[in-house]
There are 2 protein chains.
Amino acid sequence: MHRTFTIGELAAEFGVTARTIRHYEELGLLRPQRRGQARIYSAADRTRLKLILRGRRLGFSLGESREIIAMYDPEHGNAQQLRRLLERIGEQRTLLEARLADLHAMLAELEEVEGGCRAALAQVRAPTARRAGGGSSSN
Amino acid sequence: MHRTFTIGELAAEFGVTARTIRHYEELGLLRPQRRGQARIYSAADRTRLKLILRGRRLGFSLGESREIIAMYDPEHGNAQQLRRLLERIGEQRTLLEARLADLHAMLAELEEVEGGCRAALAQVRAPTARRAGGGSSSN
DNA sequence: GCGAGAGTTGACGTTAACGTAAACGGCATA
DNA sequence: TATGCCGTTTACGTTAACGTCAACTCTCGC
């Protein structure tokens, strides 16, 4: 008996509103089953939602997320389509690696600032030996 | 003579419109000098713009970018402020590392799909020897 | 001295991604 | 049976991040 989820459960789990999840369905990113009127989400639906939200955190639009997810579930038969898919995977990876570089740069700078900050704090807390120059650090 | 830039130059360099750059100024993220009416951007302004756009690629809002940039330029004197800044740097780093994990997960999955895709393509192009069973990889 | 090209200030328009409110249905329980 | 608590649809509202005019102003090159 495969576990299923209600919209409220998923909303609580991922920290979004039910409206948000319904919105993704309106855009065709989710297709839960129905039990009467009520939506019933499968584990696969839950995974898709997780992917969408991960994409969102990384700044992808819902349209982009749709395309990414489309690559994930295999629905491609002939060689032509497979080659096209490989092409798009390559593009996507290039994009992701660029963002990876952005992120690393950001982290590096952040740690640099942190270092300077710690140094300044040490100066403030222990204004002992000092080089030539005034006391207040002008910039 | 420190190099300066016009709005058109920056727009061309970073692939955005002048309107976008002015918009960032409206929100207080940039404060170029003026030569009469015209904006004159310094190298520092250009760097700030680069940071904003990097943040944008990573899905940060302009408000978030403003805060991040605020951490970068040091304008904090006393120990209290420094500690507060260190705190915020820590939060920010936690956030960035979470996104880093997201990105790595995404890349890993993408490469997994790529592997399956190449395998399928090989099957299609050379449907020679085959193992027992269907051949389609179930998940 | 004038036209082209780049820049400027309003000010309204647009799109994505939801928020929010109204009006309703089903079911558990006090 | 009434009172919540979930869930549903429909539909308009909101916010962020610009796009898109219109109407000017400089400044250069001829």
Side-chain angles (χ1 to χ4, degrees), chain A residues 3-43 45-46 48-70 95 99 102 106, chain B residues 1 3-43 45-46 48-70 95 99 102:
Chain A
R3 166 99 204 253
T4 63
F5 308 85
T6 71
I7 198 170
E9 287 169 349
L10 291 185
E13 176 177 0
F14 294 115
V16 298
T17 69
R19 175 68 179 94
T20 296
I21 298 178
R22 289 195 202 101
H23 180 60
Y24 297 159
E25 182 175 348
E26 289 172 10
L27 300 189
L29 282 87
L30 292 173
R31 291 188 184 280
Q33 287 186 269
R34 296 294 183 128
R35 184 192 189 102
Q37 271 202 134
R39 295 167 172 81
I40 304 290
Y41 296 88
S42 68
D45 290 326
R46 177 171 165 280
R48 288 174 72 91
L49 176 56
K50 207 190 312 190
L51 292 180
I52 296 167
L53 295 175
R54 193 174 64 189
R56 188 176 76 162
R57 285 193 299 271
L58 292 173
F60 290 98
S61 75
L62 296 179
E64 289 171 318
S65 282
R66 193 209 329 258
E67 296 197 9
I68 293 171
I69 292 176
L95 203 160
R99 297 204 181 179
D102 280 335
M106 218 155 162
Chain B
M1 56 165 285
R3 165 100 206 255
T4 63
F5 308 85
T6 71
I7 198 170
E9 287 170 348
L10 290 186
E13 175 177 1
F14 294 115
V16 299
T17 69
R19 176 68 179 92
T20 296
I21 298 178
R22 289 194 203 101
H23 180 60
Y24 297 159
E25 182 176 347
E26 289 172 9
L27 299 189
L29 282 87
L30 292 174
R31 290 188 183 281
Q33 287 186 267
R34 297 293 183 125
R35 184 192 189 102
Q37 271 203 134
R39 294 167 173 82
I40 304 290
Y41 295 88
S42 68
D45 290 326
R46 177 172 166 279
R48 289 174 71 91
L49 177 56
K50 208 191 311 190
L51 292 180
I52 296 167
L53 295 175
R54 193 172 67 188
R56 188 176 77 163
R57 284 193 298 272
L58 291 174
F60 290 98
S61 74
L62 296 178
E64 288 171 319
S65 282
R66 190 207 335 253
E67 295 198 7
I68 293 172
I69 292 176
L95 203 159
R99 297 205 181 177
D102 280 335

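All chains are named by letter (A, B, ...) in the order of the sequence lines, taking the proteins before the strands, and each is independently numbered beginning at 1. Atoms considered below: every heavy atom in the structure, side chains included; atoms not considered: hydrogens, waters and symmetry mates.
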How many angstroms lie between atom [atom1] of [X] and atom [atom2] of [Y], to the nearest 0.5 angstrom?
| X | Y | atom1 | atom2 | result |
| --- | --- | --- | --- | --- |
| A/Glu64 | A/Leu62 | CD | CG | 9.5 Å |
| B/Leu49 | B/Glu13 | CG | CD | 8.5 Å |
| B/Gln33 | B/Ile40 | CD | CD1 | 8.0 Å |
| A/Leu58 | A/Leu53 | CG | CG | 11.0 Å |

Indicate yes or no for a side-chain donor-acceptor contact from A/Asp45 to the backbone of A/Ser42 under 3.5 Å, with no hydrogens or angles considered. yes
Determine: side-chain N/O of B/Thr6 to OP1/OP2 of C/dG7, distance under 4.0 Å, yes or no. yes
Minimum heavy-atom distance B/Thr17-B/Ala11, with the two atoms named: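 Scanning both residues completely, I find the closest heavy atoms to be C-CB, 4.0 Å.
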So, for B/Ser65 and B/Gly55, which heavy atoms are closest and what is the spacing to 0.1 Å? OG-CA, 4.0 Å
For the pair made of [atom1] in [X] and [atom2] in [N], what is the distance, rounded to whole Å?
| X | N | atom1 | atom2 | answer |
| --- | --- | --- | --- | --- |
| A/Arg34 | C/dG25 | CZ | C1' | 14 Å |
| A/Arg39 | C/dG25 | CZ | P | 17 Å |
| B/Glu26 | C/dG10 | CD | P | 10 Å |

Do the non-hydrogen side-chain atoms of [X] and [Y] ever get within less than 4.5 Å of each other?
| X | Y | result |
| --- | --- | --- |
| B/Phe60 | B/Arg99 | yes |
| B/Leu51 | A/Met106 | no |
| A/Tyr41 | A/Thr6 | no |

All N/O donor-acceptor pairs, side-chain side in residues 21-32 of chain A, below 3.5 Å, sequence neighbours left out:
unit_1  : atom_1 : unit_2  : atom_2 : d
A/Glu25 : OE1    : A/Arg39 : NE     : 2.6
A/Glu25 : OE2    : A/Arg34 : NH2    : 3.3
A/Glu26 : OE2    : A/Arg19 : NH1    : 3.4

Salt-bridged, B/Arg46 to B/Glu9, with N to O below 4.0 Å?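 The answer is no: the pair does not qualify as a salt bridge.
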Near DNA chain C, under 4.0 Å by heavy atom, which residues of residues 8-23 of chain A?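 Contacts with DNA chain C under 4.0 Å: A/Thr17, A/Arg19, A/Thr20, A/His23.
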In numerical order, the residues of residues 50-68 of chain B whose heavy atoms come under 4.0 Å of DNA chain C are none
Residues in salt bridge (Lys or Arg N to Asp or Glu O under 4.0 Å) with B/Arg56, at least two apart?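 Residues passing salt bridge (Lys or Arg N to Asp or Glu O under 4.0 Å) with B/Arg56: none at all.
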Kindly express the pairing pattern of DNA chain C in dot-bracket notation, using | wherever a base pairs with another strand and counting only Watson-Crick or G-U pairs under 3.5 Å. ||||||||||||||||||||||||||||||
Would you mind classifying the nucleic acid contact of B/Arg35 as base, sugar-phosphate or nothing, using non-hydrogen atoms under 4.0 angstrom?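 Answer is nothing: B/Arg35 stays at 4.0 Å or more from every strand.
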Boundaries of the chain A footprint along DNA chain D (any atom under 4.0 Å from a heavy atom):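 With heavy atoms of chain A under 4.0 Å away, the range is D/dG7 to D/dA11.
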